[in-house]
Participant: 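Shown below is the structure under consideration.
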Amino acid sequence: MPLSDYQTALVTGASSGIGAATVERLCAAGLQVHALARSAPQLQQLAERTGCIPHAIDVTDLPAVTALTQEVAFDIVVNNAGVDRPGSLLAADADGIDLLIDVNLRAVLQLCRLTLPGMVQRDRGHIVNISSIAGAYHFGGNSTYHATKAAVHMLLRQLRIDALGRRVRVTEICPGRVATDIFAHVHGDSTDTQARFVEGFELPQAGDIADAIAFAIQAPIAVNVGLIELMPTLQVPGGLTTLRPGDVAR
Ligand SMILES: NC(=O)c1ccc[n+]([C@@H]2O[C@H](COP(=O)([O-])OP(=O)(O)OC[C@H]3O[C@@H](n4cnc5c(N)ncnc54)[C@H](OP(=O)(O)O)[C@@H]3O)[C@@H](O)[C@H]2O)c1
């Protein structure tokens with residue numbers, strides 16, 4: 001179906017990266033797009049460029065998010081806002097765990113709770129959640145991030161069941177590494193970070209992920225695109241590590 005069969009969309013984490021590209025893609029298709037993030041200046045620039053409606057709101061601010069969902073009946077909700085903290089659980093701090101749960105999981109659950117019933121009632125709607133290959137595979141990284149993204153994966157499966165019988169579609173977009181500022185946001189904006197995660201790699205761009213989201217939304221109404229995994233061609237997950245007692249993991 002044409003994207004414009006839907007009228008309104010909400011994209012969280014819209015001030016940069018995948019969220020901003022998604023706002024741009026949906027605005028270009030003629031939808032009224034509400035862009036949510038904390039950074040007001042970036043949202044304002046995005047609004048001037050695309051015509052989206054900016055909302056400088058923290059996605060964990062439940063009263064503000066509730067008020068927005070009561071004002072607008074969203075046809076499309078893209079749960080994209082996400083954060084990470086580097087390091088394994090051995091070095092994790094309590095605040096980091098709370099932050100990841102709050103932004104990556106609690107806010108997603110709350111926004112689904114606030115918008116899914118209206119979609120079910122109207123027999124029309126599409127929820128898109130951005131997870132990560134961290135929710136599907138194990139590799140060196142942040143265990144809390146992996147846990148929150150795995151939870152988002154399972155939530156999507158459950159939403160399909162919750163909405164069964166209505167034309168409400170649910171899509172998980174599961175990216176591997178994408179060339180966005182997430183690495184600067186997590187590891188600090190330095191040449192070191194660029195060299196470690198971006199420079200010289202052939203990576204999907206934010207617009208490629210936005211195109212995948214648009215593909216799922218544009219599918220005929222009888223088709224629910226449940227899961228799209230997008231990774232760099234030159235990236236694979238997995239591996240097996242076996243140590244002797246006392247060996248140090250690398
Ligand atoms: N890039 C990758 O390699 C990759 C891979 C797999 C999955 N992902 C996932 O893709 C999604 C988008 O990531 P990205 O790469 O585009 O990263 P990004 O450039 O760092 O964007 C993250 C967005 O989330 C917003 N955000 C963070 N905390 C927020 C909060 N409390 N309230 C509202 N908005 C908040 C940020 O805006 P403000 O700071 O202005 O609030 C920003 O717009 C995330 O869920 C991420 O986990 C990314």
Side-chain angles (χ1 to χ4, degrees), residues 10-25 33-47 52 54-65 68 77-86 95-96 98-108 110-111 128-137 139 141-142 144-153 155-156 171-189 193-194 196-198 201-210 212-213 227-232 234-235 237:
L10 173 63
V11 180
T12 70
S15 64
S16 72
I18 294 168
T22 303
V23 168
E24 202 153 345
R25 185 73 177 72
V33 183
H34 294 251
L36 184 154
R38 292 165 304 173
S39 307
Q42 278 85 346
L43 287 181
Q44 194 50 43
Q45 284 171 13
L46 185 66
C52 74
H55 300 278
I57 293 175
D58 189 316
V59 80
T60 66
D61 180 348
L62 189 53
V65 172
L68 179 58
V77 171
V78 182
N79 281 300
N80 166 75
V83 287
D84 189 14
R85 287 288 173 270
D95 290 348
D98 286 348
L99 177 71
L100 265 60
I101 299 275
D102 285 347
V103 176
N104 295 359
L105 181 56
R106 199 188 310 277
V108 175
Q110 295 289 10
L111 198 44
V128 179
N129 284 3
I130 313 300
S131 62
S132 166
I133 56 164
Y137 306 99
F139 47 84
N142 179 350
T144 310
Y145 183 77
H146 282 242
T148 59
K149 293 299 188 176
V152 163
H153 166 78
L155 171 62
L156 261 285
T171 300
E172 175 184 354
I173 301 289
C174 180
R177 190 180 299 182
V178 184
T180 71
D181 288 339
I182 194 169
F183 308 104
H185 295 155
V186 174
H187 298 274
D189 192 2
T193 300
Q194 283 300 310
R196 193 170 152 207
F197 294 101
V198 182
F201 293 102
E202 286 181 5
L203 301 178
Q205 304 296 305
D208 297 318
I209 310 303
I213 293 170
L227 168 65
I228 304 179
E229 181 184 286
L230 303 104
M231 294 174 66
L234 297 176
Q235 179 182 53

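Both counts, for ligands and for their atoms, begin at 1 and track the order of listing.
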Participant: Measure Ser131 to ligand 1 on non-hydrogen atoms and call it side chain, backbone, both or neither using the 4.0 Å cut-off.
Facilitator: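 Answer for Ser131: backbone.
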Participant: Taking the side chain as C-beta and beyond, is there a heavy-atom pair between Thr180 and Ile209 under 4.5 Å?
Facilitator: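 Not in contact.
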Participant: For atom 31 (N) of ligand 1, what's the nearest protein heavy-atom neighbour? Residue, atom name and distance, please.
Facilitator: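 Answer, as residue, atom name and distance: Asp58 OD1, 2.9 Å.
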Participant: When you measure from atom 4 (C) of ligand 1 to every protein heavy atom, which one gives the shortest distance, and what is it?
Facilitator: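 For this ligand atom, the closest protein heavy atom is Gly176 O, 3.9 Å.
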Participant: Is Val83 touching ligand 1 with its side chain, its backbone, both, or neither, if touching means heavy atoms under 4.0 Å apart?
Facilitator: side chain
Participant: Between Val103 and ligand 1, which residue portion shows a heavy-atom distance shorter than 4.0 Å: side chain, backbone, both, or neither?
Facilitator: side chain
Participant: Among Pro41, Ala184, Ala107, Ala81, which one has a heavy atom closest to atom 26 (N) of ligand 1?
Facilitator: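 Among Pro41, Ala184, Ala107, Ala81, the closest heavy atom to atom 26 (N) of ligand 1 comes from Ala81.
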Participant: Check this for me - ligand 1, Thr180, N or O atoms closer than 3.5 angstrom, yes or no?
Facilitator: yes
Participant: Give the residue, atom name and distance (to 0.1 Å) of the protein heavy atom nearest atom 45 (O) of ligand 1.
Facilitator: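 Ranked first by proximity to atom 45 (O) of ligand 1 is Asn80 O, 2.8 Å.
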Participant: Taking both backbone and side-chain atoms of Ala37, is any N or O found less than 3.5 Å from an N or O belonging to ligand 1?
Facilitator: no
Participant: Looking only at protein heavy atoms, which one is nearest to atom 22 (C) of ligand 1, and how far off is it?
Facilitator: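 Ranking protein heavy atoms by distance from atom 22 (C) of ligand 1, first comes Gly82 O, 3.8 Å.
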Participant: Which residue owns the protein heavy atom closest to atom 25 (C) of ligand 1, what's the atom, and how far is it?
Facilitator: Gly13 CA, 3.4 Å
Participant: Just distances here: any N/O of Pro175 and N/O of ligand 1 closer than 3.5 Å?
Facilitator: no
Participant: Starting from atom 38 (P) of ligand 1, which protein heavy atom do you reach first, and at what distance in Å?
Facilitator: Ser15 OG, 3.5 Å
Participant: Does the N or O separation between Tyr145 and ligand 1 drop below 3.5 Å for any pair?
Facilitator: yes
Participant: Could you tell me which residues satisfy ring pair (Phe, Tyr, Trp, His ring centres under 6.0 Å) with His146, sequence neighbours excluded, listed by chain and number?
Facilitator: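 Once residues adjacent in sequence are excluded, the partners of His146 under the ring pair (Phe, Tyr, Trp, His ring centres under 6.0 Å) criterion are Phe139.
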Participant: Looking only at protein heavy atoms, which one is nearest to atom 10 (O) of ligand 1, and how far off is it?
Facilitator: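 Its nearest protein heavy-atom neighbour is Ile130 CG2, 3.3 Å.
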Participant: Can you name the residues that form a salt bridge (Lys or Arg N to Asp or Glu O under 4.0 Å) with Arg106, not counting sequence neighbours?
Facilitator: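 Result, salt bridge (Lys or Arg N to Asp or Glu O under 4.0 Å) vs Arg106: Asp102.
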